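What you are looking at is a predicted structure, and each value in this text was computed from that prediction instead of being measured. No hydrogens, no waters, no symmetry mates; every other heavy atom, side chains included, goes into these values.
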Amino acid sequence: MSYIRLFAEIRDMISTSDITIAVPDLLRNDELSVTLRERFIEFKISANDENIARFHLPRNVSFRPETCSTSDFTCEDGLVFRVKNMKELFNKPLEVNWKKMQDEELQWLLTVDKLQLACTRCGHILTFPQSIDRALPLPSDNWYEYFSENAWCHKDCHSEKASKFKLTPSANDCLVSDFFYLMDSGAVRPDGVRIEPLPSSNSPDPNSRAVLSSEILCFRCFTRVGFMFWEVNGEGESTEYFRIYKHAIDVKSRNSALPRLLNGFLHLRNAESVFAHYFLHQSNAESNFKFVLASDDPQDKSNLFAVVWIMNPDSKVLISSFIETDFPDQENDLVAENVVKLMYREKDYPSKEELTKTWLKEFSVTHLPLPVDLASALLAVLFQNTLSLPHSLRQSDDDFRVGFLRLC
């Protein structure tokens with residue numbers, strides 16, 4: 001039995017669509033007739049006039065058939081061509097919801113009653129129930145690195161100002177980052193977590209404001225849920241607080257309506273959408289397009305997972321199922337999915353090390369530290385989506401893999 005499959009990438013802002021129709025080897029000796037209309041694509045095999053398949057476009061997608069060009073037939077993919085979209089339908093950029101989702105999360109933290117955090121793997125309770133008095137956003141996930149290097153314009157005033165400046169949570173505070181929370185150490189239950197000291201924390205650097213002291217593991221299943229810090233002031237006094245990752249926790253509270261951002265992290269069930277919104281926000285609002293995904297482990301700061309380069313933050317994809325060619329008059333409805341298209345190289349890719357070193361020297365590259373399980377989930381989704389692309393689109397000319405993340 002033979003199948004035909006359609007893939008289309010639609011670029012909203014430039015009103016262009018690249019369409020690939022995968023044709024099996026069995027049909028390549030037959031004449032394939034393709035008809036392109038504003039609202040559908042139809043193709044027919046000459047050997048049997050009854051074998052007609054029609055793909056109906058989504059309501060918000062229309063083509064301009066007279067602009068069809070660059071028609072080609074490749075051994076890997078089949079028929080490839082380009083066509084223009086109806087321009088008036090695509091003059092609105094995608095809405096960036098990241099900031100809105102962050103605001104929802106901050107508001108939810110202030111209104112939730114008796115917040116308790118539990119291990120997402122085994123359900124063991126990690127923290128005491130508490131009401132959050134202050135929920136404040138952190139500048140970025142690598143805020144301390146940026147603060148240490150760029151906050152002071154004169155070296156001679158760095159130590160004096162650094163000793164007075166504090167960005168640490170007090171009791172009933174929650175400092176919110178894109179991927180983790182900072183909370184006061186008093187919120188942690190002694191029977192909820194295991195504190196494992198790190199070798200590098202035995203002798204803290206006197207010139208460092210914040211020293212990573214311990215790894216936090218779930219008391220029951222030993223899953224790593226975060227790290228413990230201490231903040232040292234000019235008089236040598238320290239304040240302990242902990243970083244706990246959103247994807248590693250479950251929420252126990254009387255308020256069951258979780259904010260969208262936190263809900264997407266729980267059990268990593270919607271990590272694809274979370275990262276898609278994050279990268280869309282970074283490209284549109286922050287003008288960041290290059291990222292180095294690195295380990296958050298203080299014992300292995302040189303461990304780099306991948307480099308990521310945003311290609312098209314404004315794409316839609318139409319991917320059909322495999323359509324059997326020996327059934328007459330098939331009608332198929334296509335669904336448009338908003339995606340962020342990316343190029344990436346994983347850590348085991350040849351010559352990635354040289355590329356990474358070059359990128360790390362560029363001011364425009366964002367350094368994004370991630371736990372290994374969260375980075376692995378992102379790369380797994382990217383690779384799976386790469387396989388759904390036509391063969392000729394899975395790799396760029398400079399040996400990057402090409403993938404995408406759906407904006408659900």
Residues in side-chain contact (heavy atoms from CB on, under 4.5 Å) with [X], at least two apart?
{"X": "Gln384", "value": "none"}
{"X": "Ser185", "value": "Met228, Glu240"}
{"X": "Arg37", "value": "Thr35, Phe40"}

Results of salt bridge (charged side-chain N to carboxylate O under 4.0 Å, His left out) for [X] - residues two or more places apart only:
{"X": "Asp333", "answer": "none"}
{"X": "Lys84", "answer": "none"}
{"X": "Glu196", "answer": "none"}
{"X": "Arg189", "answer": "Asp191"}

Would you please name every residue forming a side-chain hydrogen bond (donor to acceptor under 3.5 Å, both in side chains) with [X], sequence neighbours left out?
{"X": "Asp173", "value": "Arg134"}
{"X": "Ser376", "value": "none"}
{"X": "His56", "value": "Glu331"}
{"X": "Ser131", "value": "none"}

- Does the salt bridge (charged side-chain N to carboxylate O under 4.0 Å, His left out) test come out yes or no for Arg224 and Asp296, once each step is laid out? CA-CA 12 Å; Arg224 193 183 78 179; Asp296 69 325; 2.9 Å; yes
Give, for atom [atom1] of [X] and atom [atom2] of [Y], the distance between the pair rounded to the nearest 0.5 Å.
{"X": "Ile195", "Y": "Phe219", "atom1": "CD1", "atom2": "CZ", "answer": "11.0 Å"}
{"X": "Glu286", "Y": "Phe279", "atom1": "CD", "atom2": "CZ", "answer": "13.5 Å"}
{"X": "Asn385", "Y": "Phe404", "atom1": "CG", "atom2": "CZ", "answer": "4.0 Å"}

- Item | salt bridge (charged side-chain N to carboxylate O under 4.0 Å, His left out) contacts touching residues 376-393 (sequence neighbours left out) |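 Listed once each, the pairs would be none.
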- Query: Hey, do the aromatic rings of Phe275 and Phe179 have their centres closer than 6.0 Å?
  - Reply: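 Yes, the ring centres sit under 6.0 Å apart.
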- Item | Polar side-chain atom of Lys246 near backbone of Ser177 as donor-acceptor pair, under 3.5 Å |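 Yes, Lys246 side chain to Ser177 backbone: donor-acceptor pair under 3.5 Å.
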- Could you tell me whether a side-chain N or O of Thr127 sits under 3.5 Å from a main-chain N or O of Leu117, the two making a donor and an acceptor?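 Indeed, once roles are kept as given, a pair shorter than 3.5 Å links the two residues.
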- Item | Given Asp373, Leu368, Val372, the one that forms side chain to side chain contact (heavy atoms under 4.5 Å, CB included) with Leu370 |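 The residue from Asp373, Leu368, Val372 that satisfies side chain to side chain contact (heavy atoms under 4.5 Å, CB included) with Leu370 turns out to be Leu368.
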- So which heavy atom on Asp184 is nearest to which on Ser170, and how close?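 Looking at all heavy atoms of both residues, the closest pair is CB-O, 3.5 Å.
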